[in-house]
Novice: 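I have a structure I would like to understand better, so I am pasting it below and will then ask my questions one at a time.
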Amino acid sequence: MKLFLDTANVEHVAEVAAWGVLDGVTTNPTLVAKEGKDGSQSSPQTFKETVLKMCALVPCVSAQVTAADTEGMQKQAIEYSKWHKHVVVKVPMTIEGLKTLKFCSQKGIKTNTTLVFSLPQAILAAKAGASIISPFVGRIDDIGENGMELIGQIMEAWAHYKFSTEVLVASVRHPDHVIEAARLGAHISTIPYEVFKKLPLHPLTDTGIKRFMDDWEKVKKS
Ligand code: G3P
């Protein structure tokens, strides 16, 4: 499973990319707006500058269109795709978005369909040629339903057909979402920084290291 960071913070991307396990980044307008406002990023920068810095660190960076109409989305898609070969154009799951996905697939522009909340939406996006679809599991959990059930439905359907579209589990809230995504065979999880930092941790690893170090102190070295 590929692991992405769900952030617009370049410093966080650089930190996790240095671990050697980061496959990409997803940004969205909310995440971009957050940076610079809470002092989390040292220098404010344009969206394009942020995306380009991330493209230098990872091979796949989702940049979301903000137009609501097909023509505007397609114009932004062309513009973003020229920024860097690592850019993946993020398009919302609307009818205008579907038209844009088809347009992009015909032009060889990579896409990520955002705001997917149902299996029919997932199938439509795949048929329109999306490179990636992003079902939002946490937001489904937030309304009292089970987001991972949707991932199960999508992976079950994907097993029947030859969709090349990758399934990216988005709106991840905790490590259990990542565990379930892997068990269901999802292709990608995009993970917030605070959740990503929990993934290497286990209390038995800590106590195990302490015991090894304590015992090593007892060994005659020379
Ligand atoms: O990147 C899109 C998605 O992961 C947003 O998550 O936490 O705003 O529901 P969230």
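Note that ligands are numbered from 1 as they come in the structure, with each ligand's atoms numbered from 1 the same way.
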Novice: Using a 4.0 Å heavy-atom cut-off, which part of K90 comes near ligand 1: side chain, backbone, both, or neither?
Specialist: side chain
Novice: Please say whether N28 places an N or O atom under 3.5 Å from an N or O atom belonging to ligand 1.
Specialist: yes
Novice: Looking at I143, I want to see if its CD1 is surrounded by more than 12 non-hydrogen atoms of other residues, nucleotides or ligands under 6.0 Å.
Specialist: yes
Novice: Among all the protein's non-hydrogen atoms, which is closest to atom 8 (O) of ligand 1, and how far away is it?
Specialist: R139 NH2, 2.8 Å
Novice: Please check this pair: side chain of D23 against backbone of L3, looking for a donor-acceptor N/O pair closer than 3.5 Å.
Specialist: yes
Novice: Find out whether N112 and S131 are in side-chain contact, i.e. whether some heavy atom of one side chain is under 4.5 Å from a heavy atom of the other.
Specialist: no
Novice: I'd like to know if the side chain of Q64 pairs up with that of N28 as donor and acceptor (distance under 3.5 Å, no hydrogens or angles considered).
Specialist: no
Novice: How close does the nearest protein non-hydrogen atom get to atom 1 (O) of ligand 1, and which residue and atom is it?
Specialist: D6 OD1, 2.7 Å
Novice: Identify the closest protein heavy atom to atom 6 (O) of ligand 1: which residue and atom is it, and at what distance?
Specialist: S171 CA, 3.4 Å
Novice: Quick one: look up the protein heavy atom nearest atom 10 (P) of ligand 1 and list residue, atom name and how far away it is.
Specialist: R173 NH1, 3.4 Å
Novice: May I ask you to list the atoms of ligand 1 that are less than 4.0 angstrom from any heavy atom of A170?
Specialist: 4 (O)
Novice: Counting each atom of ligand 1 from 1 as listed, which ones have a heavy atom of F136 under 4.0 Å away?
Specialist: 2 (C), 3 (C), 5 (C)
Novice: Is there a side-chain contact between H86 and M54, using heavy atoms and a 4.5 Å cut-off?
Specialist: no
Novice: Would you please say whether a donor-acceptor pair under 3.5 Å links the side chains of K53 and Q45?
Specialist: yes
